[in-house]
Every structure is written in C-alpha cells, then in structure tokens.
Amino acid sequence: MSFDAGENTFRPIVGIDLGTTNSAIAHIRDGRPEIIPSPRGDRITPSVVMIDLDGKVAVGEEARASLVAMPDRTVAAVKRKMGTGEPLSIAGQALLPEEISALILKELKRYADAALGEGEMEAVITVPAYFTDEQRRATKRAGELAGFAVERIINEPTAAALAYGLEHLDDHAHVLVYDLGGGTFDVSVCELMGGVLEVQASTGNRQLGGEDFDWRLVDMFADRMIAEHGVDPRLDIRARALLKEEAERVKKRLSAEATVSVSLPLVTVKDNRPVGLHIAMSREEFETLIDDLLEETMESVRKVLADARLTAGDVDEILLVGGSTRIVRVQSLMQAFFGRAARMDINPDEAVALGAAVQAGLKSGALSASGLVVTDVAPFSMGIAVLRHMSGRSVKPGAFSVIIPRNSTIPVTKSERYYTALPGQTQVAIEIYQGENEWVKYNHSLGEFLLEGIPENQEEAEAIQVQFRYNLNGILDVSATSVSNGQSMRLIVQDALKRDSQEAFEESRQRIDSLSQSAPAVDEEDLDDDWLEGSDLDDDEDWEEGLDDEDLEDSELDDEDVGGSGSGR
Ligand code: ADP
Ligand code: MG
C-alpha cells in the first residue's frame, strides 16, 4: 500500500520536537500551533526511558526521577547516540538508540491519541540541522517504530523560525536562531520576506549543550572530593548519577540566583564511612567553568553570519531557543555581540515543537491560507572521494570532491563528471562523504558502492556522471552512470540500506513489542497492535518529497555542473 502525500486524507498530523533532554508534541488548532500536553498536564516530557523491575516501561518524569536510583535501568540523552547503531544496555537488554527513541515517541503519541483520537497519525519530526544522514534515517525509523507515518524530518532551528514566521508574516527581517539545548547546539540565519522564510545558512555542534555544562560541574565536584577525601565519586555509578543530578540543579538555580550551595551528606562511601560534598558555587565560577564552551557557540554564530554574508548589524531579530539559553551568560554574550537583546516572547522549550506543527500545518493545508513558505539549506557539503594530482607525477587518493556545497538550498540535485584513472578500468568505487575538509578521511562517510560494467577502454579515460539528490528531509540519494554505455548504478547506497533496514526494522519492532508485552502495567492502548501498522516501509518512495522524476530530469546532466574535478585525467 502506498500513500500519496498530495491526497486529501483525514489522518491527523502533528509536529514533534524529539529533544536530547526534553521532547514535545504539538498540532495546529484554529490556525495556530498548540502544544499537546500529557494527560497530567506537562507540556514537555523528559526524553528519559526506564524499564522497572517488573519490566514495565516508563517514559518522562517518572523515568527521570529514577536516573539516580536505577541508573542501569534508565537511559537519558539517547539522541546523542542516534545513527550510531550501537545498542545501549537498559535493564539487561540491548536496545538500539532508535528503539529507545521510539519508546519516547510512543509516549508522545499517547498524548496525541488522547487529544485527537486514536488511529493513524502523520508526524513532522525535528532534528538538529547538523544531524547526519544516518542520524536522520534513525530518527525517521524511530518515528515509524512508534507508529507514526513520518511525513518530514525538518531542522530544529528552521522549525523555531517557522513558529516566529507565522506570527510575523508581513515583516521583512533577518532572524538568527540560537538553539542551545541539552546535547546539541544549532544556529541558523533566515530571511523572512513577504511570508517566505528562507534559511540562508546553518551550522552548529552535535555534541555541545547543557549536558556538558553539568559534567563540567560534576568534574569540579569530583576534584573537590578527591582533594578532600581522596575518593573519586565518578567511579561509583550511583554517586556519579547523584552528582550529575545535583549539578543540573545547581546550574539551573544559577540562572536565577547569584550563589547556590551544595550540601550532600552522602555521595559515596570510603572505608565504610560516608563521604559527602559541601560547597558553595557562584554564578561567576560556573560561568568560568563553561566559558570555552560558550565561546565555541559564539564561533558558530560568527561562522553562520559569514556563510550568509551578513554582519551582526544586519540581524533584525534574535531567537533564543532551548533550555540552556536561560543561562544568563548566554544572553549577555549574545547581547554584547549583537548590541541588542534577544526576543523572549516565544517559549524556548516549546518553539521547536510549535514550529514542527507549523510545518505539519503547511503540509496538511491547515495553514495554507497563511501564505507562509519555507526553504531550507543543506548544512554540510556532500561529495565523493577522488584522486588528486600532486606535484610531479604522483597522485594521492582520498581527496574530497564536493558535489553539493554547504548551504545549498534544498531540495537540490547536482551532478558532476569524473573520469576513470587507469587504462582499461571497468569499475569505480563511489565513496560518499559529507563534511568540509579537503580530504575525505577527516569527513563523515555516508557509504559507498561500486559502479561496474564500464567499457574497457585502453585508449582514454571513461566518463562517469555522478548525481547527488538531497531531499527536503535532508536525506541523500546518489547515482553513478558510465556515460558511454549508460551503465548505471542508482540508489545503491539507499537500496542497500533499505534492505538492511527493513530487516532491522522488523527486529526492532519485535523487540519493542516484546518489551510492551512484558510490561503488565502498561495501558491497554500500548499493547494494541495498531501502533505498529501505521509504519509502512513501502511509503518511503512517496515520502521522499521533492524527489520525483520530473525533478530529476530537469536538473540531470546540467552542463554547468559537469566537468569540474575529474579523477585521474
Ligand atoms: P534538548 O533540546 O536537548 O532536549 P532543552 O531545550 O529541553 O534540550 O534544554 C535542556 C537543557 O536546558 C538541559 O541541559 C537543562 O539542564 C537546561 N536548562 C533548563 N532550564 C535551565 C535553566 N533555568 N538554566 C540553565 N539551564 C537550563
Ligand atoms: Mg531542543
């Protein structure tokens, strides 16, 4: 069964911020985005999963509360592992990051089911702009495992800008979105004009956020305990979790207070005696601890402005998004840099989910009257490995030939022509990378495939046309064609992944299923099979909007794109 995204259907559609620390779900009601709260009224849900002693799965506040008591049964910040394929151990079971994310998404779906009625549901899910292809795929898979038809994966800062854009349709403004959450940092500049929101540049750091600030504090606490008691509390998993929790509490309080005292009588034990921690912490001390990390975020701000060819003075509005922007030093750094205060009218915890709902509304038609249109960019360059001619006659493999440059407006299709390096060569390996380094080994590998069947030509090099298509979800398809005989390998990377992922998907489904089944206290609806049926992998083709064949033909073999960097000519 295939679902046509253009057809009118009655499936509700929601927007989801699947955060490292907190997640939220929203929808459009009466032309406005609105958070769907949990049955107990929470507007954001901690992205924490716990499996208790009875095998019952808990997500959110309850799971978060057990991080200290049951660290080995609880997983937090799983988003940082998305796309790694590394299983995580939770309550003695190995679960993939996307499976754990799926449990979080299932919890959110429960809120939406209660509010909008149970059944098939589409979702727009956000990811950091800097998420790689694998991380996006893993996110999409998590959504499908949770029972959503995942309509679109969009970038978090773009979503935040959309939430702003809907309220400012008539403005002409450059908007900078600075999103500092628990685990990731993203910054984008957009231009809003006549209801068109155009993302101009986007950058960030996949591994920087409030978690790092917490750990800096934990290290400081530990140093103090080592100095005073000769014991490193980080070696004790329970003490470590306790200090982490305390660190976050201290950090948050320092956003409102000038000093905070820590008084923990029992952190760990040494020689059968309790060892505690008693210190006072000032806001300045904390700011000094994290200053280099905040300076890194300002580096990204400078970079994104340079990429967009703007100066600080060109920015009309600054949106601060993410819980960590409540840190006073973040606000003052931004204020000093831009010479103006940031907007505080959009709730930093909710902006991304609300914006995802706006995207959902644009897709479903619920917001089409607004006239709001959004374009996004590829946040990194994508290309392939080629040989580079060095001085003299030597060649060096592993040079990065960019096919889609960073900050290209998406969807985008580009092709480049390359040449075989050796006489009589009948196959070439197409190694696909993303990143900004001129050598592929410093970039991120996205996969590779072999193009075979190139005519054996002893006289001259054979031309190979390589085409990259990067779609609105930020997912890449690559094809390579031998020009002289039309021999082509298309979607090999994608297909291989798809076959793999279909099997893996089934396995994941079963694992999550068995989890739910071993959970006696889980709600009826969680045990219902419905949630599995919504995810039809066959939908993939339709889901890849902006990648239909017309698109392809238009831009294929575009002369301007052809002929650049050949290998081995
Ligand atoms: P994510 O997008 O990663 O899910 P959030 O935007 O929800 O993250 O932000 C969570 C982070 O914000 C956590 O690291 C949390 O400790 C931090 N945070 C929340 N409130 C405050 C505060 N008042 N002061 C400082 N940091 C805060
Ligand atoms: Mg976030």
Side-chain angles (χ1 to χ4, degrees), residues 15-26 35 42-49 59-61 63-64 67 75-82 100-101 104-105 107-108 125-131 135 139 153-161 163 177-188 204-218 243-258 260 281 283 286-287 289-290 293-294 297 319-333 344 346-356:
I16 298 176
D17 172 6
L18 180 60
T20 311
T21 325
N22 295 297
S23 297
I25 183 165
I35 294 286
D42 297 327
R43 299 171 67 79
I44 59 174
T45 296
S47 306
V48 186
V49 175
V59 175
E61 209 44 72
R64 195 180 115 95
L67 265 172
V75 173
V78 66
K79 185 170 172 179
R80 284 185 153 188
K81 299 273 164 28
M82 286 293 268
I100 293 169
S101 292
I104 299 167
L105 290 169
E107 172 76 8
L108 298 176
I125 306 179
T126 60
V127 294
Y130 228 70
F131 250 25
Q135 290 169 310
T139 303
I153 299 288
I154 66 168
N155 295 330
E156 286 162 12
T158 309
V177 183
Y178 176 107
D179 180 351
L180 187 58
T184 54
F185 170 66
D186 261 316
V187 57
S188 294
N205 186 330
R206 274 165 265 179
Q207 301 282 340
L208 177 63
E211 285 278 309
D212 300 292
F213 310 154
D214 299 346
W215 288 114
R216 286 276 168 99
L217 275 170
V218 169
L243 288 183
K244 167 73 167 69
E245 188 185 57
E246 183 66 9
E248 188 179 10
R249 192 188 67 89
V250 168
K251 173 187 77 175
K252 286 185 180 172
R253 282 185 51 195
L254 285 172
S255 295
E257 294 158 45
V260 171
M281 184 84 201
R283 184 183 287 166
F286 170 63
E287 289 175 351
L289 274 184
I290 63 165
L293 298 176
L294 295 185
T297 70
L319 302 189
L320 294 185
V321 179
S324 296
T325 60
R326 293 208 175 84
I327 294 173
V328 182
R329 180 89 180 130
V330 169
Q331 295 162 20
S332 60
L333 278 172
M344 293 304 236
I346 300 185
N347 182 329
D349 295 326
E350 299 179 359
V352 171
L354 293 174

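Start at 1 with the first residue, then count along the sequence. What you see is a predicted model, and the numbers here were worked out from it, not measured in a lab. When a ligand or atom number is given, it counts from 1 through the structure's own listing order.
Looking at heavy atoms from C-beta onward, Leu180 lies out of side-chain contact with Ile327 at the 4.5 angstrom threshold. Side chains of Leu105 and Ile16 form a contact here, defined as non-hydrogen atoms less than 4.5 Å apart. Looking at Arg326 and Asp349, their side chains come closer than 4.5 Å, going by heavy atoms from C-beta outward. Side-chain atoms of Arg253 and Phe286, non-hydrogen and from C-beta on, never get closer than 4.5 Å to each other. Using a 4.5 Å cut-off on side-chain heavy atoms (C-beta onward), Met281 and Leu289 make contact. Using a 4.5 Å cut-off on side-chain heavy atoms (C-beta onward), Gln331 and Leu320 make contact. Proximity of Met82 to Thr139: side-chain heavy atoms (C-beta onward) are separated by under 4.5 Å at one or more points.
At the shortest separation from atom 2 (O) of ligand 1 among protein heavy atoms lies Gly181 CA, 3.9 Å. Here the heavy atom of the protein found nearest to atom 5 (P) of ligand 1 is Gly323 N, 3.6 Å. If you check which protein heavy atom lies closest to atom 3 (O) of ligand 1, you get Gly182 N, 2.7 Å. Protein heavy atom closest to atom 19 (C) of ligand 1, with residue, atom name and distance, is Lys252 CE, 3.5 Å. Scanning all protein heavy atoms for the shortest distance to atom 25 (C) of ligand 1 gives Ser255 OG, 3.3 Å. At the top of the distance list for atom 7 (O) of ligand 1, counting protein heavy atoms only, stands Asn22 ND2, 2.8 Å.
Neither side chain, Ser23 nor Thr45, offers a donor N or O lying under 3.5 Å from an acceptor on the other. Side-chain contact of Thr297 with Tyr178: a donor-acceptor pair under 3.5 Å is present, judged by distance alone.
For Leu180, no nitrogen or oxygen atom sits less than 3.5 Å from a nitrogen or oxygen atom of ligand 1, counting backbone and side chain alike. Taking any N or O of Asp214, backbone or side chain, none lies under 3.5 Å from an N or O belonging to ligand 1. Close N/O approach between Pro348 and ligand 1 is not found [any backbone or side-chain N/O within under 3.5 Å]. Considering backbone and side-chain atoms together, Thr184 places no N or O closer than 3.5 Å to any N or O of ligand 1.
Residue-ligand proximity, Gly19 to ligand 1, at heavy-atom distances under 4.0 Å covers atoms 4 (O). Short contacts between ligand 1 and Gly183, defined as distances under 4.0 Å to a heavy atom of the residue, involve ligand atoms 3 (O). Heavy-atom contacts of Lys251 reach the following atoms of ligand 1: 13 (C), 14 (O), 15 (C), 16 (O), 17 (C), 26 (N) (cutoff under 4.0 Å). In the vicinity of Ile327, heavy-atom distances shorter than 4.0 Å reach the ligand 1 atoms 25 (C). For ligand 1, the atoms sitting less than 4.0 Å from at least one non-hydrogen atom of Gly322 are 6 (O), numbered in the order shown with element in parentheses. Those atoms of ligand 1 that come under 4.0 Å of a heavy atom in Gly210, given as number and element, are 14 (O). Those atoms of ligand 1 with a heavy atom of Thr20 less than 4.0 angstrom away are 1 (P), 3 (O), 4 (O).
Lys252 has a carboxylate O that lies under 4.0 Å from a charged side-chain N of Glu248, or vice versa, which qualifies the two as a salt bridge.
Looking at Glu248 against ligand 1, only its side chain comes within 4.0 Å, counting heavy atoms. The backbone and the side chain of Ser324 each have at least one atom closer than 4.0 Å to an atom of ligand 1 (non-hydrogen atoms only).
When the salt bridge (charged side-chain N to carboxylate O under 4.0 Å, His left out) test is applied to Asp214, the partners found at least two apart in sequence or on another chain are Lys244, Lys251. Applying the side-chain hydrogen bond (donor to acceptor under 3.5 Å, both in side chains) rule to Arg80 yields the partners Asp212; only residues at least two apart in sequence or on another chain are considered.
Remark: among candidates Arg326, Arg80, Arg249, the nearest residue to atom 23 (N) of ligand 1 is Arg326, based on non-hydrogen atoms.
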